[in-house]
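Presented below is the structure to which this report refers.
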Amino acid sequence: MPRIYKITKISVSIIKTIPPKLAIGCDGQVASSGWSHGRLEPRIYVMPPADGIMDFDFIADPPTGINMPVITPISVTEIIDRDPSHFWGKGKPLKGVRIHASANKLTKELDYQKAMELSGGGIDPWPWSLQGKEAEAGMAGKRINPHLPLTALLGKSVRVYRTGDILTFDHNTNRANIEIDPKSSLVVDVWFG
């Protein structure tokens, strides 16, 4: 698959699960309309890189039909199911991520110290700032309490979308919806339904 044209922004967060996981968000641009299914494809290493930074290619499916030659935004969010503190092996942490496009590449280093400070000594259970209303979890159409552990989402299907995206109108009581602000890449709401 071809890489996108250009990377514009990267965000990296640690998700507190057992073991912790990594959330990577990336915004970029493609050279025409019609690109779809953006994703981060990891590069394969025989030996861990000396700088401790994981490389990804931001790829997408190019348009197959009629398209307009205009710079168009594209975004992706990936969850890496791997403990960042032992990413390259026992005691060998991930230092950051580098994402490649056709025209450029951007690097974002992980700041473990900042993650610890923000959470009062432990890695924050939510890799984002929640601003939604607090309510009881598990009830359709209700907001999730931001202090609730991530285990409240176990067994639920998850739909992640950006503010302003078009959503289906089906009602699913077993689905957690996570709304992300397209400008800041922060979670603004989490709700069931």
Side-chain angles (χ1 to χ4, degrees), residues 1-17 19-63 67-89 92-119 123-131 158 160-165 178-188:
M1 284 292 127
R3 285 187 280 185
I4 67 163
Y5 168 62
K6 185 178 181 181
I7 308 292
T8 57
K9 180 181 174 187
I10 302 174
S11 63
V12 181
S13 302
I14 299 171
I15 303 172
K16 184 180 177 183
T17 56
K21 297 178 184 179
L22 194 67
I24 303 171
C26 186
D27 295 330
Q29 298 173 336
V30 289
S32 69
S33 63
W35 288 73
S36 61
H37 301 100
R39 56 202 176 275
L40 298 178
E41 187 168 295
R43 293 193 174 176
I44 307 300
Y45 297 92
V46 175
M47 296 287 294
D51 61 3
I53 294 177
M54 179 73 183
D55 286 277
F56 294 88
D57 289 306
F58 190 162
I59 62 172
D61 296 336
N67 62 76
M68 296 176 52
V70 60
I71 299 294
T72 307
I74 188 168
S75 298
V76 66
T77 301
E78 298 272 349
I79 304 296
I80 308 300
D81 191 13
R82 202 162 168 183
D83 184 349
S85 60
H86 301 288
F87 197 84
W88 304 109
K92 297 178 182 175
L94 178 69
K95 304 287 184 172
V97 297
R98 184 180 302 114
I99 302 179
H100 300 260
S102 295
N104 72 338
K105 62 185 173 190
L106 287 181
T107 302
K108 180 77 171 181
E109 293 186 9
L110 279 169
D111 187 348
Y112 290 96
Q113 184 63 35
K114 184 176 179 183
M116 296 294 276
E117 288 170 7
L118 289 174
S119 62
I123 296 173
D124 190 358
W126 297 95
W128 38 66
S129 298
L130 284 176
Q131 300 166 2
V158 178
V160 180
Y161 64 96
R162 294 186 180 271
T163 303
D165 284 354
I178 301 173
E179 179 182 348
I180 298 177
D181 177 54
K183 293 179 183 173
S184 67
S185 294
L186 296 177
V187 169
V188 294

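Quick note: numbers below take in every heavy atom, side chains included, and nothing from hydrogens, waters or symmetry partners. If you read the sequence from its start, that first residue is 1, and numbering goes on from there.
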Query - Euclidean distance, Glu41 CD relative to Glu78 CD, rounded to 0.5 Å - result: 10.0 Å

Query raised in the report: So do Tyr161 and Glu179 actually touch side chain to side chain, heavy atoms under 4.5 Å?
Result: yes

Query - Closest non-hydrogen atom pair between Gly28 and Phe58, with its separation - result: N-CE1, 4.3 Å

Report summary line: side-chain hydrogen bond (donor to acceptor under 3.5 Å, both in side chains) filter on Thr107, not counting sequence neighbours, yields Arg98

Query - Any Lys95 side-chain heavy atom under 4.5 Å of Asp51 side chain - result: no

Report summary line: Sorted by chain and number, sequence neighbours left out, salt bridge (charged side-chain N to carboxylate O under 4.0 Å, His left out) with Lys21 holds for Asp81

Requested in this report: Keeping the roles fixed (side chain from Asn104, backbone from Ile7), state whether a donor-acceptor pair exists under 3.5 Å.
Outcome: yes

Report task. With sequence neighbours excluded, tell me which residues meet ring pair (Phe, Tyr, Trp, His ring centres under 6.0 Å) with Trp35. Result -> none

Report task. Identify the heavy atoms of Pro93 and Trp88 that sit nearest to each other, and give their distance. Result -> O-CD1, 3.3 Å

Report summary line: Heavy-atom closest pair (Met54 atom, Arg43 atom, distance to 0.1 Å) is CE-O, 3.4 Å

Query raised in the report: Hey, what do you get for NZ (Lys108) to CG (Leu110), rounding to the nearest 0.5 Å?
Result: 9.5 Å

Query raised in the report: Out of curiosity, Ile180 CD1 to Thr163 OG1, how far, rounded to the nearest 0.5 Å?
Result: 8.5 Å

Report summary line: Sorted by chain and residue number, the side-chain hydrogen bond (donor to acceptor under 3.5 Å, both in side chains) partners of Thr8 (sequence neighbours excluded) come out as none

Report summary line: Minimal heavy-atom distance between Tyr5 and Val30, with the atoms involved, is CB-CA, 4.0 Å

Query - Heavy-atom closest contact (Ala60 atom, Ser36 atom, distance) - result: CB-O, 3.5 Å

Donor-acceptor pairs under 3.5 angstrom involving side-chain atoms of residues 67-77: please list them, not counting sequence neighbours.
residue : atom : partner : partner atom : Å
Asn67   : ND2  : Gly65   : O            : 3.4
Thr72   : OG1  : Val70   : O            : 2.9
Ser75   : OG   : Asp27   : OD1          : 2.7

Report summary line: Residue set satisfying salt bridge (charged side-chain N to carboxylate O under 4.0 Å, His left out) with Asp83, at least two apart, ordered chain then number -> none

Report summary line: So NZ of Lys9 and SG of Cys26: to nearest 0.5 Å the spacing works out to 10.5 Å

Query raised in the report: To the nearest 0.5 Å, how far apart are CG in Leu40 and CD1 in Ile80?
Result: 7.0 Å

**Report entry** Partner of Ile99 by side-chain contact (heavy atoms from CB on, under 4.5 Å), out of Ile4, Leu106, Ile24, Val12
**Finding:** Ile24

Query raised in the report: Is there side-chain contact between Pro20 and Pro84, with heavy atoms separated by less than 4.5 Å?
Result: yes

Query - Backbone N/O of Phe87 and side chain of Arg82: donor-acceptor pair under 3.5 Å - result: yes

Query raised in the report: For the atom pair OG (Ser85) and CG (Leu22), what is the distance rounded to the nearest 0.5 Å?
Result: 11.0 Å

Query raised in the report: Closest heavy-atom contact between Pro182 and Arg162?
Result: CA-NH1, 3.4 Å

